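The next block holds one structure in the form of C-alpha cells; read it before the comments.
These numbers come from a predicted model, not from an experiment. Throughout, protein chains are lettered first and strands after them, A, B, ... in sequence-line order, and every chain is numbered starting at 1.
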Amino acid sequence: MRLAGIVVSNFKRHRLRTALTVLSILVAFVLFGYLAAIKKAFEAGVDVAGKDRLVVRHKISIIQMLPVSYEADIERIDGVKEATHASWFGGIYKEPRNFIPQFPVKPEEFMAMYPEFRLPPAQMDAWLRTRTGAVVGRRTADKFGWKIGDKIPIQATIWRPKSGGNTWTFDIVGIYEGAEEETDTTLFLFRYDYFDENRSFGEGAVGWYYIRVSDPARAAQIALKVDETFANSAYETKTETEGAFVKAFAEQAGNIGKIITFILTAVFFTILLVAGNTMAQAVRERTQELGVLKAVGFTDGQVLGLVLVESCIISIVGGSIGLALSWRLVAAGDPTGGALPIFFFPPGELVMGALYVVLLGLAAGAVPAIQAMRLNPVDALRRE
Amino acid sequence: MSNDTLVRLGGVEKTFRRGSEEIHVLHELSLEIPNGEFLALMGPSGSGKSTLLNLIAGLDKPTRGTIEIGGERIDQMAGRALAGWRARHVGLVFQFYNLLPVLSAEKNVELPLLLTSLSNAERKRHVANALEIVGLSHRAKHTPRTLSGGEQQRVGIARAIVSDSTLVLADEPTGDLDRKTGDGILDLLQALNREHGKTIVMVTHDAHAAKRSNRVLYLLDGQLSTELAA
C-alpha cells in the first residue's frame with residue numbers, strides 16, 4: 001500500500017455517497033460538453049466568417065429584399081474585389097422538422113466567395129449546365145441519404161412557383177465538402193436564375209449581398225461607402241462584417257452564448273457546493289483518524305495532500321465520464337434536426353473541461369484539506 | 001543526565017487558555033526516564049497524565065521548560081521536523097485503539113512505514129514481524145470491525161512498534177478492555193519491555209495495570225507527588 005491506498009480505501013467508506021457525488025459531477029460535465037457544443041454551434045459562423053467578407057442587407061431588416069441591380073453598383077466601389085448575393089428560400093423537405101438552410105445563388109460567384117466549400121470541378125460544370133441543379137453540403141446529403149442524380153422536392157413556404165402548387169423540384173448535381181471541421185456543410189444551394197424566373201413574385205430581388213474587399217483593413221471604410229452609395233434610395237442598406245452579420249442573425253433568439261455561460265456557471269457553482277460539502281463531511285467524520293495519521297508522523301502537507309487528492313479523484317472520475325458521455329451524445333448529432341448545422345464538441349472546450357475537472361477537485365477539497373492540515377492531533381484524538 | 005536516560009523533562013509547564021481563564025495543567029515538572037524502563041503514570045482525571053504523555057510524544061508543546069528525548073530537544077522542533085521525529089522514534093498506543101476502519105490489520109500496522117523509504121517487500125516484512133510479536137499474524141487481513149477489542153489493541157501495539165521505535169507511549173491501553181483481555185495486553189507490553197528493550201510510558205487509572213511497570217509516578221494537580229516502586 002502506498003499513500004494512494006489510503007485515499008482509495010476511503011472511497012469504500014460511504015459507497016453510496018461517493019457514487020452520488022461522482023454522479024452529480026458527471027451530470028455537470030455532460031451538461032458542460034453538450035452546452036459547449038450548442039454554444040459553438042451558435043458562434044461557429046462568427047468564428048469562420050471571412051475577415052475580408054462584408055454583408056450588405058436592407059437597412060431596416062434582413063427580411064426586406066434588395067434590388068439585384070445593386071450588385072453592379074457595389075462592384076464599382078473602390079476596394080470591392082467581388083460581390084454576389086443570396087436569398088432565404090425557407091422551403092420544407094417532406095416535413096417541417098427536416099430543416100435545411102436553402103439559398104438561391106449564382107454558382108460561380110458564390111463558390112468563389114466561399115472557397116471553403118470544396119466542390120469538384122466536374123460537379124460545378126454539371127451545375128452550370130443544369131438549371132434545376134442543386135448542390136448540397138456533405139452533412140445534409142448524408143443525413144437524408146441523397147446522392148448525385150436524385151430529384152429533391154422542396155415545398156415552398158414563401159416563394160411559390162409560377163407554375164402553380166408549391167413544390168420546387170431540384171436535381172442534385174453536386175455535393176460539397178468543408179475545408180475545415182467548422183465549415184457549414186448543411187447548405188442546399190440552387191441557381192438564382194432558375195429561382196428568379198420561376199417564382200410567382202419578387203422578381204429581381206435578392207436577400208443580401210456578400211462583398212469581398214481587397215484589403216480587410218479598409219473593411220469599415222468600404223462598408224460606409226456602400227451604405228452611402230444607397231443612402232436616400234428606396235432600398236437603403238446596412239453593411240457589416242460577415243462575423244457581425246452572423247452574430248446578429250444567431251442572436252435573434254437572444255444572446256445564446258451568455259445564456260449558456262450563465263447556466264454553466266450556476267451548474268458548476270452548485271456542483272462545487274455539493275462536492276465541497278461531501279469532502280467537508282468526509283473530513284469531519286474522519287477527524288480522529290486524521291489525528292492518528294498526524295500522531296504517527298504524517299506531516300501537515302501530507303494530510304492536506306491526502307484530502308486534496310481524494311477530492312480530485314472524485315472530480316476526475318465524474319468529470320472524465322461526464323465529458324466522455326457528452327462527447328458521445330454530441331457525436332450522435334444535432335438534437336434540433338438541422339437548426340444547428342455546425343454541431344461538434346470543440347477540442348478547445350474539451351481541454352477546458354479537463355482543466356475544470358481538476359479545478360473543481362481542488363476547489364471542492366481546498367477548505368476541508370486546509371482544515372485537516374491545521375488539525376491539532378491532540379484535539380483530534382480527544383474527539384469521540 | 002545519565003547516558004542511560006532516554007527522556008528528560010526539565011521545569012516543564014503547560015498552560016491552556018479557555019477564554020480569559022488560564023488553566024495550569026503541569027507545574028515545573030521535571031522527570032527522567034531511563035532507557036529500557038517501563039514507567040506507569042497514575043493520577044486522577046485532570047491531573048495532567050495525558051498532557052504529559054502528549055508532550056513526550058511531541059504531539060503538544062510545553063508552555064515552558066525543556067523536553068529532551070534521545071538527546072534531541074523536541075520542544076525546539078516544529079512542524080515537519082517534529083512529525084518526522086515522531087515517525088522515527090515514538091510508537092503510540094491509544095485507549096480506543098484508533099485504527100482506520102477501512103484498512104485491514106496489516107494495512108493499519110503499515111501506516112507509519114509509508115513515511116519511510118522502505119520498499120514494499122521490506123514494509124511487508126516489518127509488518128509481518130510486528131504482527132507476529134503481538135500474536136496476530138493469523139488476523140492480518142481482517143478489518144478492525146471483525147476483530148475483538150483485545151485484538152484491535154494488539155494491532156494498535158503492532159503499529160506502535162513496527163518502525164522499531166525505542167519509546168512506546170500508551171494512554172490507558174487497557175481502559176476499554178475487560179480484566180482478562182487487559183492482562184494479555186499488559187503481558188505483551190511487559191514482553192516488549194523485557195524482550196525487545198522498548199522503553200514504555202503507560203498512563204493508567206488501574207493500579208493492577210500499574211503493578212506491571214518498573215516504576216509508578218503519581219501525578220496530582222500537575223505535579224509529580226509520589227514516586228512508587230511497582
Side-chain angles (χ1 to χ4, degrees), chain A residues 1-19 21 278-279 281-307 309-311 313-314 369-384, chain B residues 14 16 25 50-55 57-61 78-104 106-116 118-120 123-124 127 143-144 156 159-163 165 169 171 176:
Chain A
M1 182 178 73
R2 298 303 308 179
L3 291 178
I6 301 174
V7 175
V8 173
S9 301
N10 283 330
F11 293 132
K12 299 175 192 162
R13 202 179 288 260
H14 291 288
R15 286 192 169 99
L16 181 63
R17 188 172 70 193
T18 305
T21 309
T278 301
M279 286 311 300
Q281 203 174 337
V283 168
R284 268 198 306 276
E285 288 168 359
R286 264 182 265 153
T287 298
Q288 204 173 38
E289 293 170 31
L290 292 168
V292 172
L293 292 181
K294 286 194 167 186
V296 300
F298 279 65
T299 63
D300 292 346
Q302 284 166 327
V303 171
L304 175 104
L306 282 175
V307 177
V309 167
E310 187 174 330
S311 174
I313 287 177
I314 288 177
I370 290 168
Q371 284 172 342
M373 180 185 78
R374 290 181 177 164
L375 210 55
N376 179 335
V378 175
D379 294 337
L381 289 168
R382 206 177 283 144
R383 287 190 204 178
E384 283 300 316
Chain B
K14 182 65 187 177
F16 291 109
V25 181
S50 293
T51 301
L52 177 57
L53 202 71
N54 288 336
L55 290 174
L59 292 172
D60 207 352
K61 295 232 167 217
R80 212 180 162 81
L82 194 55
W85 176 85
R86 270 200 307 271
R88 287 190 304 277
H89 299 293
V90 182
L92 292 164
V93 179
F94 306 98
Q95 179 179 0
F96 298 107
Y97 333 125
N98 284 346
L99 303 177
L100 270 60
V102 289
L103 300 181
S104 64
E106 62 181 0
K107 301 287 183 200
N108 266 288
V109 175
E110 193 185 356
L111 277 176
L113 299 181
L114 296 177
L115 306 166
T116 67
L118 292 175
S119 68
N120 193 32
R123 290 201 308 274
K124 280 192 186 313
V127 169
T143 54
R159 181 177 64 191
I161 61 172
V162 72
S163 50
S165 49
L169 304 173
D171 194 355
D176 196 43

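- Contacts between B/R88 and chain A at a heavy-atom distance below 4.5 Å are absent for every atom of the residue.
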- Task: Determine, step by step, whether B/N54 and A/L381 satisfy the side-chain contact (heavy atoms from CB on, under 4.5 Å) criterion, reporting the C-alpha distance in whole Å, the side-chain angles of both residues, the deciding distance to 0.1 Å, and the verdict.
- Result: CA-CA 11 Å; B/N54 288 336; A/L381 289 168; 5.8 Å; no

- Query: After noting the C-alpha distance and the side-chain angles of B/L111 and A/L293, does the key distance pass the side-chain contact (heavy atoms from CB on, under 4.5 Å) rule?
  - Reply: CA-CA 8 Å; B/L111 277 176; A/L293 292 181; 3.9 Å; yes

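- A/I6 is listed as a side-chain neighbour of B/L114, based on a closest heavy-atom distance under 4.5 Å.
- Looking at every heavy atom in both residues, A/A295 comes nearest to B/F94 through CB-CZ, 4.1 Å.
- The shortest heavy-atom contact between A/R13 and B/P101 is NH1-CG, 3.9 Å.
- Across all non-hydrogen atoms, the minimal contact from B/A87 to A/G297 is CB-CA, 3.9 Å.
- With a 6.0 Å radius and a threshold of 12 heavy atoms from other residues, nucleotides or ligands, B/R80 has its CZ atom at or below the threshold.
- Within the 4.5 angstrom heavy-atom criterion, only side-chain atoms of B/L115, from C-beta onward, approach chain A.
- Taking all atoms of both residues into account, the shortest heavy-atom contact from B/P112 to A/V296 is CG-CB, 4.2 Å.
- Rounded to the nearest 0.5 angstrom, A/K294 NZ and B/L82 CG are separated by 11.5 Å.
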